[in-house]
Amino acid sequence: MAESLGIDPFRIKLATFVIAALLSALSGWLYAHMSRFVSPRRSTSMFGILYLLMAMVGGMAISRERWWARRIVTLLKKQHPGHRR
């Protein structure tokens, strides 16, 4: 459909990929800068899944909902039998 409008789908996909990679690199840099220490132990797949779950539960629009989502996910994580303090 995009080709029928004169838009090159490859260029759009490439631009989208580059923008996503830049945002990912920026977030990784900010994480490393703010935590002042980065180790492979902290970068598990569960870490990414928790952030995805928080975004899904809280949505992206209203900060109050995001706050509640973080609290709910944190409480659920603490209830998990494998949780370490």
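Under a 3.5 Å cut-off, the side chain of S24 and the backbone N or O of A20 do not form any donor-acceptor pair.
The line from CH2 of W29 to CE of M34 is 9.5 Å long, rounded to the nearest 0.5 Å. We find the CG-NZ distance between D8 and K13 to be 10.0 Å, quoted to the nearest 0.5 Å.
Minimum heavy-atom separation, I12 to T16: O-OG1, 2.8 Å.
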